[in-house]
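Values below: every heavy atom of this structure, side chains too, minus hydrogens, waters and symmetry copies. Residue numbers begin at 1 in each chain, while the letters A, B, ... track the order of the sequences.
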Amino acid sequence: MATETAPAPTETDGAHDHPAHLEHHFVSSKQQFDSAKLGMWVFLITEVLLFSGMFVAYAVFRQWNPEVFVAASNTLDQMWGTINTVVLLTSSLTVALSIHYIKQDKVKQCVYYLLSTLGLAGVFMVIKYIEYTAKFEHGIYPGAAFDPHGAHYEHLAGMAAAPQFFSIYFVMTGIHGLHVVIGMLVIGAIAFMAWRGSFSSEWYTPVELTGLYWHLVDIVWIFLFPLLYLI
Amino acid sequence: MSTTTQDAPVEDEAHHDEETNYLNHDTGIWSWLATKDHKRIGILYCISLAVVFLAAGILALFMRAELSAPGETIMGNETYNQVFTMHGILMVFLFLVPSIPAILGNFVLPMQIGAKDVAFPKLNLASWYVYMAGAILTIAALLTGGVDTGWTFYTPYSSTTGGGVLWMTAAIFVAGFASIFTGLNFIVTVHKMRAPGMTWNRLPLFIWGIYATSIVQVLATPVIGITMVLLILEQTMQIGIFDPALGGDPVLFQHFFWFYSHPAVYIMILPAFGILSELIATFSRSRIFGYRAIALSSVAIAMLGFLVWGHHMFVSGQSAISSIVFSLITYLIGIPSGIKVFNWVATLYKGSIWLQTPMLYALSFLFLFTIGGFTGIMVGVLAVDVQLHDTYYVVSHFHYVMMGGSVVALLGGMHYWWPKITGRMYNETLGKIAAGLVFVGFNLTFFPQLVLGSRGMPRRYANYAERFAGLHELSTYGSWVLGAGLFLILGYALWSLAYGEEAPANPWGATTLEWTNVAAIPDHHNFKRTPLVTRGPYDFHLADEVFGGGDGEALGDDVPRIPEPAPSAPTEDDTAASASA
Amino acid sequence: MGDFWLPEAASTMAPEVDSLFNFVTVVSTILLVGVVAAMLWFVYRYRRQDPGERPAPVEESKLLEISWIVIPTILVLLVFNWGFKSFIKQKTVPPDAYEIRVQARQWSWTFEYPNGVTSDTMYVPANEPVKTTMSSSNVLHSFFVPAFRVKQDVLPNRYSSVWFEATKKGTYDVFCTEYCGLDHSEMDAAVKVVSRERFDQWLKESATPTDIPLPRLGEQLYSQQGCQGCHSLDGSDMVGPTWQGLYGKTGHEMADGSTVTVDENYLRTSILQSGDKIVQGYQNVMPSYSNLSEREVAGLVAFIKEQSDQEPPQN
Amino acid sequence: MAHDGPHIVPKSVLLRVFGGLIVLTILTVAVAYVPLGPLGVPVAIGIAAVKASLVVLFFMHLKYDNPVNALTFTIGTIFVIVFVAITLLDTAFRGDLGNVNQRTVQEIQAEQERAEQRNEALPADSLRIAPADYPDQERGASMSTEGGS
Ligand code: HEA
Ligand code: HEA
Ligand code: CUA
Ligand SMILES: [Cu+2]
């Protein structure tokens, strides 16, 4: 195709200065940032589609066994669920704030908010741990090990689709929890890098991408919470 | 369009002298295993995929040998079941789904849009490693008892049978990520890395094909991932989503599986469409008829492809209303596919058609894919599919589209870009003979299967009734001819690597950037200067930098005017072609 | 043409499906020939004469492009409409159909008639709508009779059915077309279409009178329930162990290393809960026959006892 | 971005969005205690969708971002809906032509057991033990009564 070698404004061959973060195959920081961000969004929709399978399973079995799902859902602890929702929403806010600050070169605030996000994520996992153990104690396991006992749960034993509800519950929250843990590792690393001064308003792509990821984890929970705990 | 191929004088760029190219600028095994160069990653993929194709193809030959006569000929039921399962899995998940994007997409895409590399080179390399991890898990599955579920893994058979199924599902989960990485990379690359002047309407159609494919890869692959996770949990913890004995629903599994695997068939065919557009345009030197229709129909097929998965389930027990909806949308896909076929044929009209090996594959494709497509329409007809489902008619349908369509297009593409990839020509005569053998062998193998199928021969049968024997035997002979053709290709490809003639920069007189602006063997960074694009990809009448004439005349005299003829091209060339860049 | 492509047509649905099949084949062939002929003609007519040739670009024609969108659309809608109507007919069971229960298992079929007769061959009266009610005892199977143009997956834990009205007397193949493991390709049966009189007669003869001696009942069940597919009576080894000399064996080795004495109780559990004890050297593939009645099990046990001249040691 | 500096979402907007999210969370919990019948699920999902949109538009910056990113996300969401909706089209109408039973064998048998318990008072026929001994009533009859729509 046509091909001029002429003064393409994008020329990077030589002289002018090259920010350290700019990789050789990009022509500008803007191109690199936009690419990274689009890449992240594309990655996020693969995550959405990954969870979609679980939602389909949930929808199908709920449609077939509405009463069982309501009964089983009622054994989940709404209080913990609500608290966890608020915790995650707050962590979303803190991550958004950390990006807000890094864009203004306020590294300290950025680190501070990243660390609060990390803390909130930890709280979320602890609450999940409490909830899981409460279920395990009464024989509420995913799959074949399902064997409900104890006053609150006994009535589930006779319900045909109760194991399905809890299988879906554990798989959904389990995969979500896995995402939280991965998010914690990444946020920890990013906070460390920010503390070391790696980011500035010139270059904060990793912070922004981590933020996007964390918000997605939050969004998934926004749907899981009512579907599993409330209705 | 004025196009100057006038490069900066060679002396200026000492590090870019004639001898360095992407193959030799750095050597040693590690320079390959740690490469972030899209071209080298394409080659890594090419080697791995050729091995897989060879293995899966040899399994196919064994299968045909077993089926050459009724009763047990060379293997028992158990072996046969494992063989066809591995054949299907290897061919689909480990060969054809990655094939065109990972080999040719990787090699060609950045060059065609004028980029130095894909957007995320590290991710690109990671994709290959992830793919290899998937391959290793597949081997683990073989060592732990093999898999005999069919490539579709229908539950409850797959969730209760044990053996290597667990490993195999894990392998597919892992290999899926390789596919996602590639797709993600290409989407971003096409959006963000185009050279100045490379508008969406100037994208070569190969790019459009790959772009549409990438959308499908990104949207569909995660679903096979979660399906495999659920299947693994079903096997290990009996979570009861799919197994009816535990209160699950086996038909639900089929929804999950086909939500990925139907779009996956478009992952396999859309890049092939892209290759075909390149071949037809270049070898008939005419602008693609209905460029925009071909480009957009790829995207339309990609999207519609998500709405038809249930046509694999007409007799599975799904609701009739959904069967009807699925059937209707299935036909609609025939229409954008038809647009492509008709436009390609129209492109030949008043062209200048050069029957080189790649073009022979393109013409074979038109014939074979049309048969494959029409048989697809046939199995999409609700009442008729009741008769044809899970018979050899379906087997024949999908080989016509996958082998006759995608693989033939891949072969065409490999021949077309071979000079650019290796810097050497293949032997044109042998190429034509092999193309002929593949065409004849293919039809001899799979046409009888169409008849077998409509007469009621079920698929996945190690043994069959006497009355099917004649056609099966014919099909087996066909597979030998087909195999001979493919082994011939393997042979002369290796020969060409060592002894092939050196290729000129643009042996076909093509007009896309990888031919016009890149050295015979591409440089490590593809382009010496970022190209500025001023015309469409198939504007042969404007491509004076390739053919001479026009205002290209004014620009100097040391510019090649006419493409150097390929060594085996018609020889009455008038202009003395000068050495190319 | 139909004869070349399609098997014998022996049901009322068959001509309808066949004409649709033939229609699509003919239209496809015409379009295919058109496409390929145009292609070959252009390739010949516009072959390259000179390496430097550069043909002028061809103007695109809107009319042409629209026509090859509209014509295929009309064709596919036509075919859709036709196919969908036949499909509804194919799948809507007539209310007065004669019902046969079909049990599928790895890897055999059992057909059970309203009066309790079971058989491994399907007998149906000609010219009467027949409905099958099918279920599977383990994995997916699919019931396919090419000559009747019917097929339906057989699911575990859910009844599915097909119906057909056979028009020609004769014997036709039943295939299993959903992959179901090892002997999927061996999982066939015959369907015999006979006149109503012959059918009634057969039904009466095969009915199991309650006073039939137990061993004879067992013998019948041996073939009707598909045991003969896996167990021989002459000592040869098939998928399962032979029944010859089985009864009364001592020190019979199990896969887990334990040994048992083959008495009536052991045979009973082997039949009803076949997965409980696996015989050394065999796979756990035998389906559980927990749907058999007590009397039927007793019959089978008695029949197996007849195959041996030993007795288990008394203690 | 080096040029005009990145677009920054004001802190006040972030805080207001957060407030909105908390209010909606309380709302959705409250609504769960109102018996809405069949509307319960749509309402809960509706509220969740509003919350998700808030997060996507403001926290994730999509409102101010390159439209391509928004398009990407929209397409992803559409295909999730397609997946759920079309699968439900099968499962909701399973057995609509009567060639597949709407209920599982398990459900049918459970029903029969319940029916039998009701008939407990009647003397059992001691000779008939297994289901196969009831050729007409159990299988035949059940199949014709449970039939599809
Ligand atoms: C590359 C892979 C590929 C491609 C491109 C296709 C393309 C199509 N497929 Fe195929 N298909 C498979 C791979 C593929 N398929 C596989 C692997 C299976 C089996 C899986 C298994 O069970 O193991 C399968 C199975 C399969 C089935 C299920 C059969 C069954 O199991 O019973 C159906 C049913 O509708 C179907 C339909 C179609 C249709 C309508 C198209 C269309 O896209 C075709 C469109 C093309 C044309 C129609 C030709 C060109 C058009 C014209 C020349 C214009 C004129 C057209 C008209 C008038 C209509 N396919
Ligand atoms: C990409 C897809 C693909 C390809 C190319 C092929 C290729 C072939 N297939 Fe396959 N096939 C499938 C995908 C494919 N198949 C799938 C998905 C199934 C269903 C499985 C299931 O039911 O679960 C199937 C099933 C299937 C069956 C039905 C089995 C059954 O149902 O019982 C048969 C039977 O004849 C068959 C035969 C063949 C033959 C003879 C070839 C030949 O075309 C093969 C020819 C290839 C060679 C002989 C190897 C030569 C290779 C080299 C020399 C390497 C050189 C490298 C380069 C040239 C770069 N295949
Ligand atoms: Cu039963 Cu295949
Ligand atoms: Cu399909």
Between [X] and chain B, which part of the residue has a heavy atom less than 4.5 Å away: side chain, backbone, both or neither?
{"X": "C:Glu8", "value": "neither"}
{"X": "C:Val27", "value": "neither"}
{"X": "C:Leu32", "value": "both"}
{"X": "C:Glu65", "value": "side chain"}
{"X": "C:Gln106", "value": "side chain"}
{"X": "C:Leu40", "value": "neither"}
{"X": "C:Ile88", "value": "side chain"}
{"X": "C:Asp173", "value": "side chain"}
{"X": "C:Val36", "value": "side chain"}

Residue part contacting chain C, namely of [X], when any heavy atom lies under 4.5 Å:
{"X": "B:Asp539", "result": "neither"}
{"X": "B:Phe283", "result": "backbone"}
{"X": "B:Tyr154", "result": "side chain"}
{"X": "B:Ile335", "result": "side chain"}
{"X": "B:Ala462", "result": "both"}
{"X": "B:Phe369", "result": "neither"}
{"X": "B:Ile288", "result": "backbone"}
{"X": "B:Thr155", "result": "backbone"}
{"X": "B:Val451", "result": "both"}
{"X": "B:Gln254", "result": "side chain"}
{"X": "B:Leu452", "result": "neither"}
{"X": "B:Thr347", "result": "neither"}
{"X": "B:Arg459", "result": "backbone"}
{"X": "B:Thr149", "result": "backbone"}

Under 3.5 Å, is there a donor-acceptor pair between the side chain of [X] and the main chain of [Y]?
{"X": "B:Arg460", "Y": "C:Gly181", "result": "no"}
{"X": "C:Lys151", "Y": "B:His389", "result": "yes"}
{"X": "B:Tyr349", "Y": "C:Ala38", "result": "no"}
{"X": "B:Ser352", "Y": "C:Pro55", "result": "no"}
{"X": "B:Asn81", "Y": "C:Leu182", "result": "yes"}

Please find the pair of heavy atoms, one from [X] and one from [Y], that lie closest to each other, and give the distance.
{"X": "C:Lys91", "Y": "B:Phe314", "value": "NZ-O, 3.9 Å"}
{"X": "B:Ala383", "Y": "C:Ser86", "value": "CB-CB, 3.5 Å"}
{"X": "C:Glu60", "Y": "B:Phe289", "value": "CA-CE1, 3.8 Å"}
{"X": "B:Ser454", "Y": "C:Trp5", "value": "OG-O, 2.7 Å"}

Under 30°, 30 to 60°, or over 60°: which ring-plane class applies to B:Phe84 and C:Tyr179, parallel, tilted or perpendicular?
->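 If you compare the ring of B:Phe84 with that of C:Tyr179, the planes turn out perpendicular.
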Can B:Gln387 and C:Phe144 be said to form a side chain to side chain contact (heavy atoms under 4.5 Å, CB included), step by step?
-> CA-CA 8 Å; B:Gln387 170 76 0; C:Phe144 177 36; 3.6 Å; yes
